[in-house]
> 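Have a look at this one before I ask anything.
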There are 4 protein chains.
Amino acid sequence: MSSSVAKIAKEANVSPATVYIYYKNKEDLLVSTFLIIKQQLGKAMLKDFNESKPIRDILHTVWVNTFDFIVKKQELVNYAEQFENSPYSDLVNKNQTDKNFEQILKIFKKGIEQKIIKDVSIDMLEAFIYNPIIVLTNQRKNRNTKLDNKTIETAFQLAWDAIKL
Amino acid sequence: MSSSVAKIAKEANVSPATVYIYYKNKEDLLVSTFLIIKQQLGKAMLKDFNESKPIRDILHTVWVNTFDFIVKKQELVNYAEQFENSPYSDLVNKNQTDKNFEQILKIFKKGIEQKIIKDVSIDMLEAFIYNPIIVLTNQRKNRNTKLDNKTIETAFQLAWDAIKL
Amino acid sequence: MSSSVAKIAKEANVSPATVYIYYKNKEDLLVSTFLIIKQQLGKAMLKDFNESKPIRDILHTVWVNTFDFIVKKQELVNYAEQFENSPYSDLVNKNQTDKNFEQILKIFKKGIEQKIIKDVSIDMLEAFIYNPIIVLTNQRKNRNTKLDNKTIETAFQLAWDAIKL
Amino acid sequence: MSSSVAKIAKEANVSPATVYIYYKNKEDLLVSTFLIIKQQLGKAMLKDFNESKPIRDILHTVWVNTFDFIVKKQELVNYAEQFENSPYSDLVNKNQTDKNFEQILKIFKKGIEQKIIKDVSIDMLEAFIYNPIIVLTNQRKNRNTKLDNKTIETAFQLAWDAIKL
DNA sequence: GATGAATGAGCCTTCATTCAT
DNA sequence: GATGAATGAAGGCTCATTCAT
């Protein structure tokens with residue numbers, strides 16, 4: 001976002017002009033990269049996905065997968081977060097990214113139907129499930145809490161307590 | 001962040017050069033502004049603060065105050081959020097802003113001692129208390145959930161369920 | 001047109017950035033300059049203008065004035081001609097420049113009414129009166145014919161023979 | 001001139017690199033193209049050329065041929081004109097193009113000898129014979145006068161009146 | 001204090017040209 | 001011959017910052 005095309009190109013060991021062979025302009029570069037990261041995240045979250053398990057277990061697996069992805073691919077996630085907080089994010093149709101998380105949405109809806117999860121909007125569930133992960137893994141916002149397994153489990157406990165009926 | 005000094009100066013009806021009489025450079029201007037907003041937020045959160053009330057009630061009051069401030073001063077909060085997600089935020093010592101929220105921190109600690117709140121790090125409590133507010137009020141991240149009183153109360157219920165023992 | 005803003009700025013002994021204080025963009029710079037030149041030309045052509053003289057004499061005076069201006073201000077005229085042959089000229093409303101030559105147009109119309117000048121379109125009159133001057137003074141198109149007084153008088157003779165009835 | 005090599009290559013359905021097999025560089029490409037157009041024009045002007053006819057008739061035929069060519073091959077003529085008004089034209093030796101019009105030059109000289117045409121320089125004759133055609137057919141300089149047969153005949157009348165003795 | 005004017009540095013982008021295949 | 005991929009150089013433009021007044 002704030003990085004210049006020249007810097008991005010340098011990091012990739014190519015000339016700035018080369019970037020414009022593969023992307024129409026800076027906007028295109030940033031958006032395309034963001035979409036790919038979101039896709040990767042969606043895929044990673046669904047690792048060991050087993051719809052037949054109890055909802056709490058499914059969400060727990062997704063939770064752990066998400067932490068895993070974010071820790072291993074911190075740079076990508078940092079980028080995605082910055083992108084979402086920049087004006088460029090207006091260029092992305094939310095549907096484009098939502099489709100990567102459809103299956104997880106379904107679980108939420110099922111949980112609500114079965115009176116396991118509170119009957120609140122998806123946005124709100126996200127605010128208490130997905131977003132705390134982002135915050136806890138964000139090096140700018142969290143400088144003290146170490147991300148060991150125990151912490152991750154504790155965090156899941158809070159998240160689950162928040163949304164469970 | 002992305003706004004130019006010229007535009008900022010114009011909005012204040014002064015010459016760009018004048019800005020440099022009051023601030024050392026753009027960085028200084030941005031940081032100072034951020035600190036002031038954080039201070040205002042801290043003050044607003046403490047409206048009707050009454051340490052003698054039950055912890056849940058105190059946090060509820062803080063919660064409502066926070067929503068109130070964010071809705072009424074959206075521009076300021078937008079700025080603060082953008083700032084925190086920009087490289088400029090590295091220039092701010094976290095202690096500088098934390099002092100605006102000391103009293104609230106104390107409540108958390110008291111709640112933990114009294115076994116009312118889960119014994120987790122402050123960062124984690126923040127991730128489930130403060131951050132959901134930010135997300136729900138963020139127009140980019142939340143486009144569907146309306147912020148009426150009922151929603152705010154529901155959200156508090158989730159937050160409280162997350163952190164309470 | 002083909003000259004870069006940097007080169008233009010250098011010729012004026014200023015930084016390229018300075019240009020943008022006075023002109024909105026390159027387009028604005030080029031168009032504004034062109035309009036000023038056209039205005040100067042229009043004014044120069046009307047020197048010693050005396051509507052009461054015979055039409056041939058009036059046009060002769062205009063003719064000489066025009067040659068004079070073009071020879072003395074060759075650079076400006078070169079610029080104007082290049083401008084008119086560039087895509088930038090589409091940005092200029094023809095009415096904007098025509099008003100500089102209104103009085104001369106009137107003479108043409110009067111000449112036609114009085115059956116002194118052939119009854120043809122203004123465009124065609126221009127093609128035989130104004131344009132030959134441009135061609136003869138253009139260093140690229142005319143390398144052999146010297147522009148002494150005798151030549152100028154001869155050229156006027158041809159021009160007049162072309163348009164007179 | 002302002003078109004990029006990439007675009008020119010695309011229009012010819014070849015790779016930009018291929019252009020450099022046939023032409024040394026862009027300059028070479030532009031100049032070569034210009035010379036070919038001038039050659040075509042020269043050839044077209046001489047259609048039905050019959051040296052034994054009266055001079056006025058010969059020039060009339062040339063005149064009509066020229067209009068014909070310009071109208072039918074507007075794109076080529078536009079290109080040639082743009083080229084002649086660009087710095088690239090300095091790279092063309094005038095003799096290179098003049099040879100395409102030698103026979104017409106001869107007619108002029110003969111007309112002068114026979115005291116049918118005014119004894120003025122070839123440049124000046126061109127300024128009143130060839131150039132008005134260019135101006136009248138130029139869409140930027142002439143927006144009102146329609147180029148029907150009658151107009152073309154009228155224009156020839158002016159041109160002939162200009163140069164005839 | 002305040003500011004109008006000026007600018008060096010940097011940004012996004014295009015383009016003529018090269019070269020390995 | 002032909003080309004896809006790559007790039008150095010340059011172009012138009014913006015901006016944080018300075019400084020004489």
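Letters A, B, ... are given to chains in the order of the sequence lines, protein chains preceding strands, and every chain is numbered from 1.
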> For residues 16-39 of chain B, which residue pairs qualify under ring pair (Phe, Tyr, Trp, His ring centres under 6.0 Å), counting only residues two or more places apart or in two chains?
B/Phe34-B/Phe83
> Are there over 12 heavy-atom neighbours, none belonging to A/Lys94, within less than 6.0 Å of that residue's NZ?
yes
> Give the rounded distance in Å between these two atoms: CD1 of A/Ile21 and C1' of F/dG8.
13 Å
> How is D/Tyr22 classified with respect to the nucleic acid when contacts are heavy atoms under 4.0 Å: base, sugar-phosphate, or nothing?
sugar-phosphate
> Kindly indicate whether the side chain of D/Lys38, heavy atoms from C-beta on, has any atom under 4.5 Å from the side chain of D/Lys43.
no
> Would you say B/Ser15 reaches E/dA2's phosphate, i.e. side-chain N/O to OP1/OP2 under 4.0 Å?
no
> Using a 3.5 Å cut-off on both pairing distances, which stems of three or more Watson-Crick or G-U pairs include DNA chain E?
E:2-21 with F:2-21
> For C/Val19, which contact category applies under a 4.0 Å heavy-atom criterion: base, sugar-phosphate, or nothing?
nothing
> Quick one: A/Asn13 CG to F/dA5 P, roughly how many Å, whole number?
19 Å
> Mark up nucleotides 16-21 of chain F, 5' to 3', with B wherever a protein heavy atom is under 4.0 angstrom from a base atom, S wherever such an atom reaches only the sugar-phosphate, and - elsewhere.
SBBB--
> Go through the side-chain N and O atoms of B/Ser32 and B/Asp28 and say whether any donor and acceptor fall under 3.5 Å apart.
yes
> Using whole Å, what does the distance between atom C1' of nucleotide F/dC15 and atom NZ of B/Lys10 come to?
15 Å
